[in-house]
Amino acid sequence: MADNTYDAIVIGSGIAGGWAAKELTEKGLKTIILERGRNVKHREDYPSENKHPWEFPHRGRRTREMLTNYPVLRRDYPLNEKNLDFWVNEKESPYTEVKRFDWYRGYQVGGRSLLWGRQCYRFSDYDFNANAEEGIATDWPIRYKDIAPWYSYVEEFAGISGSYENLPQLPDSEFLPPMELNCVEKDVAERIRKHYKDKRRMIIGRVANLTAPKKGRVNCQYRNKCWLGCSFGAYFSTQSATLPAAMETGNLTLRPHSIVTRLIYDKDTKRATGVEILDAETNQTYEYHAKVIFVCASTLNSTWILMNSATDVWEGGLGSSSGELGHNLMDHHFKCGAQGRAEGYEDKYFFGNRPNGIYIPRFTNLFGDKRDYVRGFGYQGSASRNDWSRLIAEAGIGESLKEVMAEPGDWTMGIMGFGEILPYHDNKITLDHDNKDKWGLPVLAIDAELKENEKKMRIDMMEEAKEMLEAAGIKDVSTYEYDYGMGMGIHEMGTARMGRDPKSSVLNAHNQVWDAPNVYVTDGACMTSASAVNPSLTYMALTARAVDHAVSELNKRNL
């Protein structure tokens, strides 16, 4: 449109932004996606997906130059040669760590939907009720019954494989056939179930990888290269699923290289009339206008946009009237658990590279269990046989070495806890006007840390893992705790939370900003608490639900 006016604007093209665009366009709204990064075209722009390790100059590993240029990404597995272009340039887009916070970002069309682990679990009412029951933070304005139909709606489209378990703390989804546990995992799962009298279960992960074809997408090929892009469309991403659906309507415009700097707010109507962008390539400023705006720029960037908007009305930005904007930052803490050897399976192996593992749902502080901390954790992990790389430290040469290399190593089994972090008011982000990014914009200062509740939980995450593996017959079990910095879970949540009262929250029950009801925030920024499960499925459901509400309100002329 020549005058840059649309029915709807979507900021960001990751998991939430892709869903917002799909739903808005399918409901007939002329919509533009504004993405700060470059375009990544499905199939065309996955240069590494079919390469073998020896086809990379450094065999896919990290170089000294990469270690220098990516001081945050180097802290964990994401830094590697194979998909470096899918991660943000840290020199161009820095941030200030008041306390250590590992912020792993993907600035491109598709965002981190190209990079995520694809684990998909529903929140339960234990999660939605917890804040109110324990007097922590503020109450969620919704309950499971409000979002359950929308979970089903997005699951049917996205394609979630998993097993039906009928567990109250982990509601079942609309499942495609589950992936299989391997031989060790099957036996360990049965022993855990028997030992704990079915109060604990180890199940196959619930994952957004197709196990049957779905509308132009082919089922998973068990290559486990998902984060390099997948031309089969076997895993859910913006490129494979929501963007094609939105484009098919003819109602979508996609504008990459568009950094949204602020929402344009009208004090008289108490509505946002549009957005201001900075073209990342030309540094030119433009305005786009719409009746409704969906802010889905990823948790911390969405809040950055709000904090940089309407500052002539509220010093802290649009949505700050409650004093909660920028506060209550959450993640999932992990990097601790237990591992050991599985004996008696020397004649067994597995087929393919399953892009999934096991899951043990939360069992602490539920059903009469009581700990010296609140909330809980789940476990993810797998059993596998050691491969040739184990031999690097072995003595051997010539024929004897080749013979040993031709045989797989021992089976091992490991599980790692993923625990809930509470929404603490003083875990926060602010705008740092003294430091600027490549485009002269203020960066975020992040000030957050684990507190006593999480530290106590981590002890349990290790001890319970060891006890369970030993009960299941695993030998030489040892606990571990690796280096963890908040943010490393790549599950940033909070900073613009939902709530029941504009005095204690940024958003209402439909994800509308209290101070501008035609602005919806549906990515991780909206979360009121974190649960112990991966959050992306909840972002999808909340987004679809919010779009349905927004279109209804537009038709009633309420926005």
Side-chain angles (χ1 to χ4, degrees), residues 119 121 124 126 162-170 172 178-206 332-350 354 356-386 408-420 454-482 484 532-534:
Q119 293 290 301
Y121 304 96
S124 73
Y126 292 105
S163 59
Y164 292 96
E165 301 290 340
N166 194 31
L167 297 172
Q169 75 273 37
L170 193 75
D172 290 325
M179 294 182 174
E180 278 195 68
L181 298 172
N182 63 40
C183 57
V184 172
E185 293 164 350
K186 286 177 181 176
D187 287 351
V188 169
E190 182 56 35
R191 292 167 188 160
I192 286 175
R193 188 166 181 162
K194 184 176 181 180
H195 180 81
Y196 293 99
K197 298 179 171 55
D198 203 23
K199 291 182 179 179
R200 300 186 192 181
R201 284 191 207 172
M202 191 175 92
I203 63 177
I204 189 66
R206 298 174 175 180
H332 286 127
H333 64 101
F334 69 126
K335 291 279 186 176
C336 60
Q339 56 197 0
R341 291 187 306 106
E343 294 181 345
Y345 300 89
E346 289 74 17
D347 61 339
K348 301 289 194 303
Y349 203 65
F350 56 87
R354 184 188 68 194
N356 192 11
I358 62 90
Y359 190 68
I360 299 175
R362 174 186 163 190
F363 52 82
T364 60
N365 292 313
L366 292 173
F367 319 123
D369 178 90
K370 187 62 179 173
R371 307 289 166 124
D372 63 348
Y373 55 86
V374 298
R375 314 291 167 95
F377 52 87
Y379 289 105
Q380 297 180 30
S382 64
S384 60
R385 292 201 80 167
N386 293 327
D410 292 335
W411 278 94
T412 59
M413 176 87 205
I415 56 176
M416 179 181 290
F418 284 74
E420 180 169 356
E454 292 77 42
K455 292 174 182 177
K456 290 178 179 179
M457 190 186 298
R458 292 179 73 77
I459 296 171
D460 247 11
M461 287 159 72
M462 291 183 280
E463 291 179 350
E464 291 287 355
K466 185 174 190 291
E467 178 190 293
M468 275 191 288
L469 291 181
E470 289 178 338
I474 300 299
K475 307 297 183 183
D476 301 326
V477 179
S478 61
T479 61
Y480 63 85
E481 183 172 16
Y482 302 141
Y484 167 79
V533 301
N534 301 54

**Message:** Before you tell me yes or no, could you show the steps for Arg201 and Leu167 under side-chain contact (heavy atoms from CB on, under 4.5 Å), namely the whole-Å CA-CA distance, both residues' side-chain angles and the distance that decides it to 0.1 Å?
**Reply:** CA-CA 10 Å; Arg201 284 191 207 172; Leu167 297 172; 3.7 Å; yes
**Request:** May I have the step-by-step check of side-chain contact (heavy atoms from CB on, under 4.5 Å) for Arg362 and Tyr379, ending in yes or no?
**Result:** CA-CA 8 Å; Arg362 174 186 163 190; Tyr379 289 105; over 6 Å; no
**Request:** Evaluate the side-chain contact (heavy atoms from CB on, under 4.5 Å) criterion for residues Arg354 and Ile204: first the C-alpha distance (whole Å), next the side-chain angles of each, then the deciding distance (0.1 Å), finally the verdict.
**Result:** CA-CA 11 Å; Arg354 184 188 68 194; Ile204 189 66; 3.9 Å; yes
**Asked** Does the side-chain contact (heavy atoms from CB on, under 4.5 Å) test come out yes or no for Ile203 and Leu170, once each step is laid out?
**Response** CA-CA 11 Å; Ile203 63 177; Leu170 193 75; 4.2 Å; yes
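Pro178 approaches Ser163 most closely through the heavy-atom pair CB-N, 3.9 Å. Pairing each heavy atom of Met468 with each of Ile415, the nearest pair is CE-CD1, 4.3 Å. Pairing each heavy atom of Asp369 with each of Thr364, the nearest pair is OD2-CA, 3.3 Å. Nearest heavy-atom pair across Gly337 and Ala465 is C-CB, 4.0 Å.
Of the inter-residue distances, the one linking Asp187 atom CG with Lys348 atom NZ reads 9.0 Å to the nearest 0.5 angstrom. Here the OH-NE2 distance, from Tyr484 to His332, works out to 9.0 Å after rounding to the nearest 0.5 Å. Note that the CG atom of Asp460 and the SG atom of Cys336 stand 10.0 Å from one another [nearest 0.5 Å]. The CD1 atom of Ile459 sits 12.5 Å away from the CD atom of Glu464 when rounded to the nearest 0.5 Å. Note: Gln380 CD to Met202 CE = 12.5 Å, rounded to the nearest 0.5 Å. Rounding to the nearest 0.5 Å places CG of Leu469 at 6.5 Å from CE of Met413.
Applying the side-chain contact (heavy atoms from CB on, under 4.5 Å) test to Glu190 and every residue at least two apart in sequence or in another chain returns nothing. Legend: residues meeting salt bridge (charged side-chain N to carboxylate O under 4.0 Å, His left out) with Arg341, ordered by chain and number and at least two apart, are Glu343, Asp476. With sequence neighbours excluded, the residues that form a salt bridge (charged side-chain N to carboxylate O under 4.0 Å, His left out) with Lys186 are Glu180. Under the side-chain contact (heavy atoms from CB on, under 4.5 Å) criterion, Glu420 pairs with Arg375, Ser529, Ala530, sequence neighbours left out. Qualifying side-chain contact (heavy atoms from CB on, under 4.5 Å) partners for Met416, counting only residues two or more places apart in sequence or in other chains: Phe334, Phe418, Tyr480. Taking Ala342 as the reference, Val184, Tyr345, Trp411, Ile474 meet the side-chain contact (heavy atoms from CB on, under 4.5 Å) condition, with sequence neighbours excluded.
Arg385 contributes no side-chain N or O that, together with a main-chain N or O of Asp410, makes up a donor-acceptor pair within less than 3.5 Å. In this structure, the side chain of Asn356 engages the main chain of Gly205 through a donor-acceptor pair within 3.5 Å. Side-chain N or O atoms of Glu185 include none that pairs as donor or acceptor with a backbone N or O of Ile358 at under 3.5 Å. Distance alone, capped at 3.5 Å, is enough to place a donor-acceptor pair between the Asn182 side chain and the Ala383 backbone. Not one N or O on the side chain of Tyr359 forms a donor-acceptor pair closer than 3.5 Å with the backbone of Arg206. In this structure a side-chain-to-backbone donor-acceptor pair under 3.5 Å is missing from Asp172 to Tyr164.
Between the side chains of Thr479 and Glu481, not a single donor N or O lies within less than 3.5 Å of an accepting N or O.
Among the candidates Lys455, Arg458, Glu454, the single residue satisfying the side-chain hydrogen bond (donor to acceptor under 3.5 Å, both in side chains) test with His333 is Arg458.
Around the CG atom of Asn166, the shell of radius 6.0 Å holds no more than 12 heavy atoms that belong to other residues, nucleotides or ligands.
Both tests hold for Arg200 against Phe363: distance to the six-membered ring centre under 6.0 Å, angle to the ring axis within 45°.
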